[in-house]
Amino acid sequence: MIVTRFAPSPTGELHLGHAFSALSAFAAARMAAGRFLLRIEDIDLGRCRPAFVDSILTDLSWLGLVWEEPVRRQSEHFDEYRAALDVLSAQGLLYPCFCTRKDIAGAGQAPHGPDGPLYPGTCRNLSPAEQLELRESGQPFALRLDCAEATRRVGRLVWHDRFAGTVVARPELFGDFVLARKDCPASYHLAVTLDDAHQGVTLVTRGEDLFAATHVHRLLQALFDLPVPDYSHHPLLTGPDGRRLAKRDHAQTLRSLREDGRSAVEVRAMVGLV
Ligand code: GLU
């Protein structure tokens, strides 16, 4: 049984690119008599807004999508993410990182990975006593994965993408990436990987801007012994200026199209999915 999902973050209004992604996932499930899920990825409590959750539900219903209830909201599952982190911690694969963004950006000519400057590993070498002292002084910290060690333990990993074919996972591109942020007990990479497995998703449909993220999601699947879904990282829609659509481009939001009198049928035709 095919299970697909659309997993928006309520940090802005949905635009045509989201409509394409959601409709593609919905169509893939419907054509195979499968299931379609909606998940609200709202772990970033500082940036997510309840009003955008309402907009997402309104826009998707208007487009004609039907999803299973209840809708999973990540902010209601922080305990599960913490428990998963404890598993990796017990395996000696996590370490607290007290560095600020400035520390990392200022640490020389650090090469960049898909999520920004690669972490130079400063806090990986703190002694247990130094870690304890910093924790006790109340300094906020993130939790990072010792990526080299994790990769060594799981060996070579691959995944299948409907556009790119068989892809060899290269989590080392991300260095020691963050699994729990200072301001939030989970990261996107952790929550999305656990939730896709928890919800039984068999096909992850999302824009190709998230293609690289799958390198680390595949590593996490191996570490947590989770099933590996199929992936469909589709090309991104671009605006009239040739640039990819973003939440800041208000003209192309589904809400504005609707308020301008466009019908759902017209909007589906605009993204080529009628
Ligand atoms: N929540 C992510 C976003 O809105 C997408 C996550 C995913 O599809 O994996 O960009």
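Read the numbers this way: they start at 1 and go in the same order the structure lists the ligands and their atoms.
Atoms of ligand 1 found under 4.0 Å from any heavy atom of E41, numbered from 1 in the order shown, are 1 (N), 2 (C), 5 (C), 6 (C). Each of the atoms 9 (O) of ligand 1 lies under 4.0 Å from some heavy atom of V192.
With a heavy-atom cut-off of 4.0 Å, L210 touches ligand 1 through its side chain alone.
Checked against the 6.0 Å centroid threshold, Y231 and H217 do not count as a close aromatic pair.
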Can you list the steps and then say if Q131 with F141 is a side-chain contact (heavy atoms from CB on, under 4.5 Å)?
CA-CA 10 Å; Q131 279 183 8; F141 59 88; over 6 Å; no
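For A7, a nitrogen or oxygen atom sits less than 3.5 Å from a nitrogen or oxygen atom of ligand 1, counting backbone and side chain alike. Considering backbone and side-chain atoms together, S9 places an N or O closer than 3.5 Å to an N or O of ligand 1.
Ligand 1 has no atom lying under 4.0 Å from any heavy atom of F6. Contact analysis puts R5 in contact with ligand 1, with a non-hydrogen atom separation below 4.0 angstrom.
Defined by atom type and a distance below 3.5 Å, a donor-acceptor pair is missing between the side-chain atoms of D86 and S89.
No more than 12 heavy atoms of other residues, nucleotides or ligands lie within 6.0 Å of CG in D225, so this atom counts as exposed by the packing criterion.
Under the ring-ring contact (aromatic ring centres under 6.0 Å, His included) criterion, F6 pairs with no residue, sequence neighbours left out.
Annotation: salt bridge (Lys or Arg N to Asp or Glu O under 4.0 Å) contacts involving residues 115-143, sequence neighbours excluded, comprise R124-D176.
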